[in-house]
Each structure stands twice: as structure tokens, then as C-alpha cells.
Amino acid sequence: MAVPQPVETTFLFGRLTWQAFPLHEPIVVATFAVVALGGVAVLAALTWFRLWGYLWREWFTSVDHKKIGIMYMMLGLIMLLRGFADAVMMRLQQAMAFNGSEGYLNAHHYDQIFTAHGVIMIFFVAMPLVTGLMNYVVPLQIGARDVSFPFLNNFSFWMTVGGAVLVMASLFLGEFAQTGWLAYPPLSNIGYSPWVGVDYYIWGLQVAGVGTTLSGINLICTIIKMRAPGMSLMKMPVFTWTSLCTNVLIVASFPVLTAVLALLSLDRYVGTNFFTNDFGGNPMMYVNLIWIWGHPEVYILILPLFGVFSEVTSTFSGKKLFGYTSMVYATVVITVLSYLVWLHHFFTMGSGASVNSFFGITTMIISIPTGAKIFNWLFTMYRGRIRFELPMMWTVAFMLTFTVGGMTGVLLAVPPADFVLHNSLFLVAHFHNVIIGGVLFGLFAGIAYWWPKAFGFKLDPFWGKVSFWCWVVGFWLAFMPLYILGLMGVTRRMRVFDDPSLQIWFIIAGLGAALIAVGIAAMLIQMFVSVMRREKLVDETGDPWDGRTLEWSTSSPPPAYNFAFTPVVHDNDAWWDMKKRGYSRPLSGYRPIHMPKNTGTGVILAGLSTVVGFALIWYIWWLAALGFVALLATAIGHTFNYHRDFHIPVEEVTRTEEARTELLAARS
């Protein structure tokens with residue numbers, strides 16, 4: 001049953017009335033109670049231990065790329081719990097809703113859940129985790145002290161948080177969109193979705209999208225302009241190359257998302273007809289625009305992880321990456337081709353054989369450089385001294401899992417096959433096959449690989465392996481049945497089913513989801529146990545894996561300034577080359593180091609943006625106007641802040657470096 005939708009607005013509260021609180025939904029009320037109690041407990045603990053000042057000074061206002069990267073990762077992991085909870089609720093509903101049973105979720109609630117699941121997993125789990133990894137690692141890999149625009153980096157992160165806050169608010173205040181994660185018209189038009197769900201979607205993504213776009217600009221400038229002396233483009237680590245291509249895609253595609261959501265909001269707020277069938281509008285224009293952003297987005301997510309797998313394979317095989325040049329060219333080719341395949345998402349719209357053939361062929365061609373990468377990694381492993389540490393285990397699991405996902409993608413690139421399968425569970429299985437098998441497995445490999453660099457101690461291997469096996473086995477159990485159901489013709493986004501013979505496949509998929517839940521729990525236990533046992537897992541060398549790139553030349557965790565002296569690069573495996581040449585750290589000649597100052601302006605600007613977004617969702621026009629004026633005033637005021645930097649005194653640099661020298665001497 002749909003939530004009653006208020007038609008009148010008041011000056012003070014807009015559309016916000018008591019009816020906006022979903023008190024008639026027991027699941028939502030129970031969730032709100034748990035979240036509220038958890039939130040109160042966290043706030044009480046922070047207050048009790050007097051951590052607010054420390055968090056504000058050292059983390060919230062930090063412009064250090066390393067701390068911002070860690071905060072991005074924390075946001076992604078927190079949102080993973082919410083997004084996965086939605087997935088479990090969907091699986092449970094589908095496993096129950098047979099033989100006349102309606103399950104436990106009504107249609108109104110179920111549609112919100114599957115929309116929120118897609119939006120959260122793509123925008124607020126995968127994107128923050130990928131951005132966090134790039135933020136942390138790239139400046140270290142290229143020998144830089146920070147990113148090009150440190151303040152912009154802080155602002156970008158908090159804008160992403162603002163978008164996540166708006167999406168989370170929809171759970172307890174109003175509703176979320178019931179349109180699917182891309183909000184196609186006419187379903188997202190005001191006539192079909194008159195209340196606040198689609199508005200939450202629009203403004204949540206607009207606020208977060210600004211952060212992502214600015215982050216992309218920042219990282220491109222950093223990679224192009226701040227590389228260490230001697231590091232030409234063809235001497236950059238592969239992870240830096242994939243990050244560069246990713247951020248080029250971000251800067252090229254996210255403005256399209258911003259534009260299409262702006263046009264949709266004009267349709268909803270002002271009564272224009274861009275995406276209706278009235279007065280010259282066309283819903284297919286929205287579908288084209290959203291996928292011109294949406295297909296590059298898939299490669300925005302996977303490309304950095306291709307870089308992670310390259311770093312991990314090379315390090316744990318004890319060999320130089322096979323075919324470095326071909327790997328770089330394959331990455332660039334994927335970047336370009338990702339713009340030429342968007343229409344394969346709607347082969348069935350009736351474009352005609354010639355258009356469908358073009359996009360089918362380009363989709364098949366893009367699989368060639370992707371497949372080439374797999375061979376690069378396999379040849380790197382060939383005759384190497386492979387160490388099956390946790391990052392390498394995730395990499396091998398990726399190769400097996402992603403290959404299946406890639407092959408089903410090539411199958412879907414054939415228009416006649418796509419006509420049969422495009423709206424079935426086969427498509428859901430394929431998408432999760434590449435996103436979980438590629439993006440999430442890659443992120444877990446990256447977290448395990450760079451964790452000792454970030455925190456100074458390794459992750460506990462036992463709980464890591466428990467998490468690994470639960471994830472891998474759980475994934476195959478959860479999604480292989482969906483391939484079978486899709487081939488049987490079961491359409492996606494269904495809440496109840498008539499054919500009882502299908503139930504067993506949904507139960508198997510539900511068991512797989514339960515096993516993945518155990519994997520997530522094991523990962524959280526792993527992090528907790530690792531913190532508790534950090535003395536035993538400590539890394540004093542800064543190079544626990546015998547690494548090959550520059551980030552392993554610094555201490556773990558690195559000092560605020562990253563490098564006391566800017567390294568000089570002679571090879572694309574810069575640190576490996578330096579070790580081979582008998583490099584020794586300079587022990588004197590330190591100088592004061594110029595660094596950017598922390599600032600709270602990013603938090604304030606993002607907070608005001610979130611307030612404006614909330615006001616626009618609820619038609620509280622006075623608050624939207626006030627927030628926008630405050631936003632402009634704060635931004636203009638910040639331009640008059642001329643005290644944005646400071647120098648780390650030479651004494652502090654000397655103390656830090658001498659402490660590391662003593663630590664290394666004690667070990668040798």
C-alpha cells in the first residue's frame with residue numbers, strides 16, 4: 001500500500017508533515033530504532049572519550065590525501081552494510097513469495113529497496129572505495145607530497161558524504177524512488193512519482209556527483225603535473241595509469257549525469273517536457289543520456305582495480321609485469337571504447353539492425369583489451385615465485401570469476417540474444433558477476449595489500465581467509481542460480497512468483513547471500529582482531545611485501561609529508577630498481593617542508609549543499625534560498641583566506657626521519 005501523499009505545501013515546512021514519517025511500516029520503524037540507538041551510542045562514546053576536538057582537527061578538516069582516502073574507504077564500508085542489507089531483504093522476499101504467499105514486503109516497500117540497493121552500491125559503496133584507494137595510493141606512487149588541490153579534495157569527500165546522508169534520510173523521512181537505479185521516465189516523471197522519492201534520488205546524486213567530478217579533476221592534475229623527476233608517462237606504475245584513465249572518464253561522463261538529472265528536475269519542478277511524450281519531449285532521450293554516463297561508469301569502477309591486480313600480481317610473483325606497454329595501451333583503448341558501447345543497454349528500443357550491429361560489434365571489441373589484460377597477469381605469474389598471500393588469493397579468484405562475467409557480457413552483446421535476455425535475471429547475474437568478481441574482489445585485494453602501508457600493521461590472515469572463502473563460495477551460490485532462472489525466462493524486479501518449481505533456485509541464491517553476509521562479518525572481525533593484535537602484525541620496514549613501487553619506500557604509515565626528499569625515478573618499477581641499485585636513505589640535509597593547512601570550509605560547504613538538497617526535496621523554498629546564499633557567501637569568503645599553508649620545521653622532519661633510521665637499524 002502506498003504512503004499517503006500530501007498535496008498541500010506550507011511555507012514553513014513545504015511538503016514535510018507527520019505523514020512523511022513511515023510509522024505504518026514496522027520494518028522501517030524497527031530499522032530506525034536500531035540506527036538511532038547505534039547513532040546515540042556512537043555520539044555518547046565520542047563525547048565520553050572527548051574525541052570531537054581530535055576528530056575535527058585531525059580528520060574532518062584534514063587536507064592530507066592519506067586521511068581523506070581512509071575516510072572515503074570508511075564511508076564505502078559503512079554504506080556496504082546498508083546496501084547489502086537491502087540485498088538480503090530482496091532475496092528473502094523472493095524466496096518466500098511462492099504458492100500464493102505475498103512474502104513480507106509490500107510492492108511499495110520492495111520497489112524502494114531494489115532502487116536503493118542499486119544506487120547505494122554503485123554511488124556510495126563502489127565509488128567511495130575506488131576513489132579512496134586512488135586518493136591514498138596515487139600521490140605516494142608518483143612521489144608527490146599531496147594532490148594538486150588539497151582543499152578541493154576535502155570538499156569532494158564531504159560532498160560525497162552529503163549525498164549519502166540524503167539517500168539514508170529517505171529511509172526514515174518520506175520514501176526513496178521506486179523506479180530502479182537509473183530512474184527512467186515516464187516512471188520518474190511527476191505524474192507517476194508525485195512524492196519525494198525521485199527528488200531524494202536526484203539531489204542525493206547531484207550533491208555526490210559534484211564531489212566525484214571535482215575529485216576527478218584533482219587526480220588528473222596531480223598525475224599530469226606532480227610526478228617525481230624521471231617519471232615519464234611510460235614509467236608510471238600501472239595503478240597510476242588506470243587511475244588517470246578512470247579520472248578522465250569521470251570528468252568526461254559525470255557532467256552528463258549532472259545535466260540529465262537537471263533536465264529531469266526541470267520536468268518535475270517547473271513543468272518542462274524534456275522526457276515526456278507531450279510537447280516534443282521524448283523519454284528515450286533520457287535513456288540515451290543516462291547510459292552515455294552509465295556505461296563509462298562501469299569502467300570507472302573496474303579500471304582502477306585492473307591496476308590493483310597488476311600491482312598485486314607483479315609483487316607476489318616476484319617479477320616485472322609482463323607486457324607493461326600493452327597493458328597501458330589496453331587501458332587507453334578501453335577508456336576510448338567505453339564511450340562507443342552505451343546503446344547495448346537498450347538494443348530492444350527499435351533502433352534498427354545497423355545501429356544495433358555497430359554497438360554489438362564495439363561491445364565485442366572492448367572485450368579484446370580486457371582479455372589481453374588477463375593474459376598479461378597469467379604470463380606475469382608464469383614461472384614466478386608466487387606467494388599466495390591474501391591479495392594474491394583475491395586476484396586469482398577475480399580471474400576465474402570475472403572471466404565468466406566477461407563471457408556472459410559478450411553473449412549479451414549479440415543483439416538477438418539480448419532481445420531474449422535483456423530484462424531477465426540473466427542480466428542481473430552478469431552485472432553482479434563483473435561488479436562483485438571484478439570491483440569488490442579488487443577492492444578487497446587492494447585493502448589487504450595497502451592496509452599495512454596505511455596503518456603500520458598487516459591484516460590478520462586467518463579471518464581474511466575465512467572472509468575470502470565465504471565471499472567466493474557465497475558469490476557463486478548467490479548468482480549462478482540467477483543465470484539459470486534468466487535462461488528460463490524469469491524477469492528481473494519481480495516481487496512474487498507463480499511457478500513453484502522456481503522456488504528452489506531462489507532459496508539457493510538466498511543461501512549464497514547468507515554466506516556472503518558471513519564473509520562481510522568475517523571481514524569486520526578481521527579488522528577488529530588486526531587492531532587488537534597490531535603489535536604482532538606490525539610492519540616496521542615500510543615494505544612488508546617486498547614491493548616494487550614508490551609507496552613502499554616510505555615508512556608505514558607514511559609521515560604527513562610522504563617523502564623527506566623527492567625521489568628520482570629511473571624505471572617503471574621505481575622502488576624495485578632503487579633496491580637493486582643499492583639505494584640508501586639520505587640521513588642528513590633535511591629542509592623545512594611546505595604543506596597545506598587543514599580547513600573546515602569543505603565540511604561547511606558540503607553541509608550547506610546537503611541542506612539545500614533537503615530543502616529542494618521537501619519544497620521548503622525559504623530554506624533552499626537561505627542555504628544557497630550561505631553557500632555562496634562561504635565560498636566567496638574562503639577566497640579571502642590567504643593563510644592556507646605552513647612549513648613543517650626542519651627539526652620535526654629530522655626527528656621523524658631519525659626515528660625511522662633507528663627502527664630500521666634495530667631490525668637489521
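Positions are given from 1, in the same order as the sequence printed here.
Under a cut-off of 6.0 angstrom, the local environment of OH in Tyr583 is crowded, with over 12 non-hydrogen atoms contributed by other residues, nucleotides or ligands. Enclosure of atom CH2 in Trp291 by more than 12 non-hydrogen atoms of other residues, nucleotides or ligands within 6.0 angstrom is indicated. In Trp476, the CH2 atom is crowded: over 12 heavy atoms of neighbouring residues, nucleotides or ligands sit closer than 6.0 Å. By the 6.0 Å contact criterion, CE on Met74 is open, its count of non-hydrogen atoms from other residues, nucleotides or ligands being 12 or less. Within 6.0 Å of the CZ atom in Phe419, the count of heavy atoms belonging to other residues, nucleotides or ligands exceeds 12.
With no hydrogens or angles considered, a side-chain donor-acceptor pair links His344 and His295 at under 3.5 Å. Residues Thr335 and Tyr299 bring no donor and acceptor atom of their side chains to less than 3.5 Å of each other. Side-chain contact annotation: Thr240 with Gln141, donor-acceptor N/O pair under 3.5 Å present. Using a 3.5 Å distance cut-off with no hydrogens or angles, the side chains of Tyr449 and Thr315 do pair a donor with an acceptor. Between the side chains of Glu551 and Trp575, no donor-acceptor pair of N or O atoms lies under 3.5 Å. Remark: the Asp539 side chain and the Thr541 side chain contain an N/O donor-acceptor pair separated by less than 3.5 Å. Side chains of Thr401 and Asn433: no donor on one and acceptor on the other come within 3.5 Å. Using a 3.5 Å distance cut-off with no hydrogens or angles, the side chains of Lys453 and Ser556 do pair a donor with an acceptor. Of the N and O atoms on the side chains of Ser310 and Lys373, not one donor lies less than 3.5 Å from an acceptor on the other residue.
Ring-plane geometry between Phe426 and Tyr483 is classed as perpendicular, the angle between the planes exceeding 60 degrees on a 0 to 90 degree scale with a lower cut at 30. Between Trp451 and Phe455, the ring planes are tilted. Angles from 30° to 60° get that label. The aromatic rings of Phe441 and Trp394 sit tilted, their planes meeting at an angle between 30° and 60°. Below 30°, between 30° and 60°, or above 60°: for Phe123 and Trp293 the angle between ring planes is below 30°, a parallel geometry.
Considering CZ of Arg82 and CG of Asp86, their distance stands at 4.5 Å, rounded to 0.5 Å. Atom CE of Met134 and atom CG of Asn218 lie 11.0 Å apart (nearest 0.5 Å). Note: Ile68 CD1 to Ser156 OG = 8.5 Å, rounded to the nearest 0.5 Å. For the atom pair Leu443 CG and Ile436 CD1, the distance stands at 12.0 Å (nearest 0.5 Å). Considering CG of Leu412 and CE of Met407, their distance stands at 13.0 Å, rounded to 0.5 Å. In this structure, Thr554 OG1 and Leu140 CG are separated by 5.5 Å, a value rounded to the nearest 0.5 Å.
For the pair Asn247 (side chain) and Ser243 (backbone), a donor-acceptor distance under 3.5 Å is present. Between the side chain of Ser351 and the backbone N or O of Phe347, no donor-acceptor pair lies under 3.5 Å. Distance alone, capped at 3.5 Å, places no donor-acceptor pair between the Ser553 side chain and the Thr549 backbone. For Lys458 (side chain) and Pro452 (main-chain N/O), no donor-acceptor pair under 3.5 Å exists by modelled atom type. Listed for the Tyr72 side chain is a donor-acceptor partner under 3.5 Å among the backbone atoms of Phe157. Although no hydrogens or angles enter the test, the distance criterion places a donor-acceptor pair under 3.5 Å between the side chain of Asp460 and the main chain of Trp463. The closest donor-acceptor contact from the side chain of Asn376 to the backbone of Met327 lies at 3.5 Å or more, if one exists at all. Between the side chain of Ser467 and the main chain of Gly519, a donor-acceptor pair closer than 3.5 Å is present. No donor-acceptor pair under 3.5 Å is formed between the side chain of Ser424 and the backbone N or O of Val420. No donor-acceptor pair under 3.5 Å is formed between the side chain of Ser317 and the backbone N or O of Ile386.
The six-membered or imidazole ring of Phe398 lies near that of Phe309, with a centre-to-centre distance under 6.0 Å. The aromatic ring centroids of Trp450 and Tyr136 lie 6.0 Å or more from each other.
Across Lys580, Lys235, Lys320, a single residue satisfies salt bridge (Lys or Arg N to Asp or Glu O under 4.0 Å) together with Asp571, and that is Lys320.
The minimum heavy-atom distance linking Ile70 with Ala454 is given by the pair CD1-CB, 4.4 Å. In plain terms, the two heavy atoms of Leu301 and Met127 that are nearest each other are CD2-SD, 3.5 Å. The two atoms that bring Arg227 and Ile224 nearest to each other are NH1-O, 3.1 Å, heavy atoms only.
The pair Lys579-Asp543 meets the salt-bridge criterion, with a side-chain N (NZ, NE, NH1 or NH2) lying under 4.0 Å from an Asp/Glu carboxylate O.
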Q: Take Asn562 and Lys66, measure what side-chain hydrogen bond (donor to acceptor under 3.5 Å, both in side chains) needs, and give me the verdict at the end.
A: CA-CA 9 Å; Asn562 291 349; Lys66 299 181 290 297; 2.7 Å; yes
Q: Would you sort out whether Trp342 and Phe359 count as a ring pair (Phe, Tyr, Trp, His ring centres under 6.0 Å), showing the intermediate values?
A: CA-CA 8 Å; Trp342 80 87; Phe359 284 94; 5.1 Å; yes
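Residues Leu219 and Ser215 are in side-chain contact: their nearest non-hydrogen atoms beyond the backbone lie under 4.5 Å apart.
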